[in-house]
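All residue numbers in this chain count up from 1 along the given sequence. Start at 1 and go down the list; that is how both ligands and their atoms are numbered.
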Amino acid sequence: MKRVGFVQNDPVFGEVERNVSRALELASRVEADLLIFPELFNTGYLFLSKEEVSRLAEDLGGYTVRQLSRFARETSTALVAGFAEREGGRFYNSAVAIDEDGEVKGVYRKTHLFFEEKLLFEPGNTGFRVFDLVGIKVGVMICYDWRFPEAARTLALKGAQVIAHPSNLVLPFAPAVDLARAVENGVFVILSDRSGVEERGGKRFEYEGRSLIVDPGMNVLVQAPREGEHVMVAEIDPNKADNKKINELNDIFEDRRPEMYEGLC
Ligand code: ACM
């Protein structure tokens, strides 16, 4: 059994040190094997220009990843956390995966960019990745990737037992979609969403919160409220996700018929 969970935070735009220490303070309130943090948890979401992205983006040796690594090592907790990544002169909306020893296992770069993210970030070039973290196969997708069932399906076909979903959701029905992603793929999904409101430069986003953990049978194990900052944990057996049989005659992966899915790829 593994203890897995999420942090739901409400960052102040641009105050990276404050946001990182607040999120780690929330994380330190629980004992967990794996914790997921929201999309762009350290910077906030509402970037107004590429210049702002350039000022706040960090590489894998930067402040945010160093703080996360230290926390992971000191508490033996694996982490997945969203941040604005700098790679040379390019910027990605990324999530870093860190194991329980504090070692950076890699990044996933958001595949499907939402709205003005298209003006700020490069489309992700990593493909959908599954990381071995604390004995769990953890696939990662970021926020708007939920709109594309292919994202979660690709991760599940690659062997993900848990899908980590760092998010800044802006549509009220979005958290519920992860229940479908769980049952159709026979996996656990951990949605780590942010809460609160951001208003900058005449723009406004209100975030949906309601982070959750759902099991392969579509049971919601824990869920945060829409408002406020929270950390929650559930105990799961990740191996349950390896069995795709739903009765003696149906296996949801063996029953797939890709030759009938014309036009999908
Ligand atoms: C989103 O993809 N952050 C809505």
Nitrogen or oxygen contacts under 3.5 Å, ligand 1 side and protein side:
{"from": "ligand 1", "atom 1": "2 (O)", "to": "K110", "atom 2": "NZ", "distance (Å)": "2.8"}
{"from": "ligand 1", "atom 1": "2 (O)", "to": "Y144", "atom 2": "N", "distance (Å)": "3.1"}
{"from": "ligand 1", "atom 1": "3 (N)", "to": "E39", "atom 2": "OE1", "distance (Å)": "2.9"}

Would a hydrophobic clustering, with Ile, Leu, Val, Met, Phe, Trp and Tyr connected at side-chain separations under 4.5 Å, put F41 with V65? yes
Joint cluster assignment, L191 & L171, ILVMFWY side-chain distance < 4.5 Å: yes
Within the side chain of E100, is there an N or O that forms a donor-acceptor pair under 3.5 Å with the backbone of V134? yes
Between R153 and E184, is the closest basic N to carboxylate O distance under 4.0 Å? no
Charged N to carboxylate O below 4.0 Å: is that the case for E198 and K203? no
Apply side chain to side chain contact (heavy atoms under 4.5 Å, CB included) to the pair Q223 and I213, showing each step before the final yes or no. CA-CA 7 Å; Q223 183 161 27; I213 303 175; over 6 Å; no
